[in-house]
Amino acid sequence: MRELRDKARSLLDPVIRDFYEGGADSETALAENERAFARLALLPRILAGAGQASTAVRLLGADLDTPVLVAPTAFHRLAHPDGEVATARAAAAAGTVLIASMAATTAVAEVTAAARDVRPDAQVWFQLYLQPEPEVTAELVRRAEAAGCTALVVTADSPVFGRHGRDERNGFHDLPPGYAAENMRDLPGTPPGGTRPIAMSPALSWADLRRLRELTRLPVVLKGVLHPADAARAADEGLAAVVVSNHGGRQLDAAPATVEALPAVVAAIAGRIPVLLDGGVRTGSDVVTALALGATAVAVGRPVLWGLAAEGEDGVARVLRTLREQTAHVLTLCGARDRADLAPDQVVARGIREVPAC
Ligand SMILES: Cc1cc2nc3c(=O)[nH]c(=O)nc-3n(C[C@H](O)[C@H](O)[C@H](O)COP(=O)(O)O)c2cc1C
Ligand SMILES: CC(C)CC(=O)C(=O)O
């Protein structure tokens with residue numbers, strides 16, 4: 001992973017590299033996502049007789065080969081000319097879900113076609129920001145459905161754009177000439193062939209989410225959940241899953257590390273719907289830590305961009321393969337056959353522990 005990251009860093013235009021790597025404000029949340037995993041250790045169970053580990057997971061009715069999904073990230077063609085098509089092919093081959101970003105540089109129909117070309121049952125979910133104009137959101141949903149996406153992922157942690165100091169310093173505010181957010185083309189209100197900018201709105205509420213659900217039969221996943229009360233509400237409202245996420249540290253810089261927010265969300269959901277997590281997942285140990293704390297699966301953002309920038313489709317495939325292999329290895333070392341054999345008491349803070357009463 002480090003090798004791919006370093007290769008990506010050396011190949012990418014520094015302005016694009018900063019866009020991918022950067023976080024909001026002081027980049028505290030960005031750094032804490034990784035640091036929080038580093039502060040945790042796994043207590044293995046021994047002599048468990050668990051046998052060969054399995055990374056397979058069933059999620060929203062689909063069987064996946066790995067619990068590591070591809071988080072939605074914008075503008076893949078800035079990383080590699082094959083862009084989202086390469087990512088989609090690699091995710092499908094890895095037997096995982098690609099959450100395709102609304103801010104993709106490839107239209108969602110082309111992304112799903114690329115995934116299905118590799119694997120007819122490939123799972124592509126469509127991430128969207130609810131747009132202030134209902135007819136724009138409705139058209140995006142219609143396109144995602146027509147493209148064969150199997151879930152919608154609403155990102156709810158962005159009532160406004162995050163403040164990204166690196167982009168401000170670099171003057172990176174728009175896509176370079178020759179690139180466009182293709183899902184935003186020919187929407188209501190755009191001139192023929194034109195695109196419209198993605199809007200963020202602080203006026204959005206649970207009522208808007210309910211209206212979205214009336215538009216579609218697709219399961220709706222809520223991304224950007226950190227407060228347990230919001231997690232409980234998501235389950236009450238009938239959402240299909242939540243993603244514990246602070247947007248990779250790109251929105252609220254004072255947000256907690258996601259792995260630290262996870263246990264309270266898991267408790268609030270109480271097994272009603274799957275809980276996913278993204279932010280700072282870099283190794284199989286991170287994956288197993290999140291699973292032990294109650295996540296059904298995790299997603300990775302920047303690692304996929306590193307793989308894509310370094311080696312295109314092969315690089316993304318390598319990132320996903322490495323994480324799956326490491327996850328299986330760590331499960332085995334923890335005495336677990338799969339996620340169901342893990343328990344939260346196997347995750348401990350580093351440092352000397354009090355002697356527990358046995
Ligand atoms: C360059 C970049 C672009 C992103 N674009 C989106 C996006 O379009 N939609 C979205 O919901 N999240 C977006 N995210 C957030 C990711 O989905 C995810 O929450 C985050 O990257 C996870 O953290 P990680 O990068 O540490 O794995 C983006 C993140 C990055 C780094
Ligand atoms: C185009 C942006 C809205 C994509 C995004 O969510 C991000 O860069 O974090």
Side-chain angles (χ1 to χ4, degrees), residues 1 5 8 12 15-24 27 29-37 68-79 83-84 87 97-106 108 111 125-131 140 152-164 166-167 172-175 179-184 195-201 221-226 242-253 255 257-259 261 276-283 286-287 290 298-309 319-320 323:
M1 188 78 69
R5 186 195 63 191
L12 281 169
V15 173
I16 308 303
R17 186 183 63 208
D18 272 349
F19 169 68
Y20 288 155
E21 299 267 314
E27 303 194 337
L30 169 67
E32 276 296 299
N33 278 345
E34 286 188 27
R35 272 197 220 125
F37 277 112
V68 182
L69 283 59
V70 176
T73 52
F75 309 157
H76 287 195
R77 287 183 56 220
L78 300 184
E84 288 83 2
T87 314
V97 172
L98 165 67
I99 309 178
S101 169
M102 167 176 175
T105 40
T106 309
V108 65
V111 173
W125 299 355
F126 183 70
Q127 175 270 328
L128 74 162
Y129 298 99
L130 295 180
Q131 294 301 283
L140 289 165
L152 298 175
V153 178
V154 173
T155 301
D157 57 17
S158 306
V160 287
F161 285 95
R163 257 199 212 134
H164 300 171
R166 300 196 208 195
D167 296 344
F172 182 71
H173 302 299
D174 286 313
L175 278 164
Y179 299 92
E182 293 296 339
N183 294 315
M184 303 307 288
T195 59
R196 54 181 290 147
I198 291 172
M200 308 288 183
S201 167
V221 176
L222 190 58
K223 176 172 182 277
V225 175
L226 291 170
V242 296
V243 186
V244 175
S245 173
N246 60 23
H247 211 110
R250 293 162 77 84
Q251 289 296 124
L252 177 66
D253 196 33
T258 52
V259 72
L276 315 182
L277 168 139
D278 73 27
V281 174
R282 302 291 178 261
T283 66
D286 300 339
V287 177
V298 301
V300 285
R302 293 179 183 83
V304 167
L305 295 170
W306 298 331
L308 182 64
V319 165
L320 296 173
L323 286 169

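No hydrogens, no waters, no symmetry mates; every other heavy atom, side chains included, goes into these values. In listed order, ligands and their atoms are each counted from 1.
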Counting each atom of ligand 1 from 1 as listed, which ones have a heavy atom of G248 under 4.0 Å away?
19 (O), 20 (C), 22 (C), 23 (O)

For the atom pair CH2 (W306) and CE (M1), what is the distance rounded to the nearest 0.5 Å?
7.0 Å

Where ligand 1 meets D278 - atom numbers and elements under 4.0 angstrom, heavy-atom basis
18 (C), 19 (O), 22 (C)

Check each atom of ligand 2 against the heavy atoms of H247 and keep those under 4.0 Å away; list them by number with element.
5 (C), 6 (O), 7 (C), 9 (O)

Within 4.0 Å of some non-hydrogen atom of S101, the atoms of ligand 1 are 7 (C), 8 (O)

Between CZ of R77 and CD1 of I16, what distance do you get to the nearest 0.5 Å?
12.5 Å

Gap between atom CG of L152 and atom CZ of F126 - 0.5 Å precision:
8.0 Å

Can T258 and N246 be counted as having a side-chain donor-acceptor contact under 3.5 angstrom?
no

d(E21 CD, R302 CZ) to nearest 0.5 Å is 7.0 Å

Backbone of A29 reached by a side-chain donor or acceptor of D253 within 3.5 Å:
yes

Can you pull out the closest protein heavy atom to atom 6 (O) of ligand 2? Residue, atom name and distance to 0.1 Å, please.
Y129 OH, 2.5 Å

Is it the side chain (CB and beyond), the backbone, both or neither of R250 that lies under 4.0 Å from ligand 1, heavy atoms counted?
side chain

Tell me: protein heavy atom nearest atom 15 (C) of ligand 1, and distance?
H247 CD2, 3.5 Å

I want to check a possible cation-pi pair here: R250 against F19, using under 6.0 Å from ring centre and within 45° of the ring axis as the test.
yes

Rounded to the nearest 0.5 angstrom, the CD-CE distance for Q131 and M200 is 8.0 Å

Can you list the ligand 2 atoms lying under 4.0 Å from a non-hydrogen atom of F19?
8 (O)

In ligand 1, which numbered atoms sit nearer than 4.0 Å to a non-hydrogen atom of A74?
3 (C), 4 (C), 5 (N), 8 (O)

In a check of side-chain contact (heavy atoms from CB on, under 4.5 Å) between L320 and each of T87, L69, V70, which one passes?
V70

Run E27 and R166 through salt bridge (charged side-chain N to carboxylate O under 4.0 Å, His left out) and show every step you take.
CA-CA 10 Å; E27 303 194 337; R166 300 196 208 195; 2.9 Å; yes

Does any N/O atom on V300 come nearer than 3.5 Å to any N/O atom on ligand 1?
no

Please identify which atoms of ligand 1 are closer than 4.0 Å to at least one heavy atom of L305.
1 (C)

Ligand 2 atoms in contact with M200 (distance to a heavy atom under 4.0 Å)
3 (C)

the protein heavy atom lying closest to atom 31 (C) of ligand 1 turns out to be Y20 O, 3.4 Å

Is it true that M102 lies under 4.0 Å from ligand 1, counting heavy atoms only?
no

Could you tell me which atoms of ligand 1, counted from 1 in the order shown, lie closer than 4.0 angstrom to a heavy atom of S245?
19 (O)

Just do the side-chain contact (heavy atoms from CB on, under 4.5 Å) check on I198 and M184 with the steps written out, would you?
CA-CA 7 Å; I198 291 172; M184 303 307 288; 3.9 Å; yes

Using a 3.5 Å distance criterion without hydrogens, assess whether the side chain of S158 forms a donor-acceptor pair with backbone atoms of F161.
no

Do any nitrogen or oxygen atoms of G280 come within less than 3.5 Å of a nitrogen or oxygen of ligand 1?
yes

Could you tell me, atom by atom, which parts of ligand 1 come under 4.0 Å of a heavy atom of G301?
21 (O), 24 (P), 25 (O), 27 (O)

Kindly identify the option in K223, R282, Q127, H164 whose heavy atom sits closest to atom 12 (N) of ligand 1.
K223

So, regarding Y129 and ligand 1 (criterion: nitrogen or oxygen to nitrogen or oxygen, under 3.5 Å), is there a contact or not?
yes

Please determine if P72 has a nitrogen or oxygen closer than 3.5 Å to a nitrogen or oxygen of ligand 1.
yes

Which of these, H247, Q251, K223, sits in a side chain to side chain donor-acceptor pair (under 3.5 Å) with D157?
H247

For ligand 1, which atoms sit closer than 4.0 Å to a heavy atom of T155?
10 (C), 11 (O)

Tell me the protein heavy atom at minimum distance from atom 4 (C) of ligand 2, and give that distance in Å.
A74 CB, 3.7 Å

By number and element, which atoms of ligand 2 are closer than 4.0 Å to a non-hydrogen atom of A103?
1 (C)

What protein heavy atom sits nearest atom 8 (O) of ligand 2, and how far off is it?
R250 NH2, 2.8 Å

Roughly how far, to the nearest 0.5 Å, is CG of L78 from CG of L175?
5.5 Å

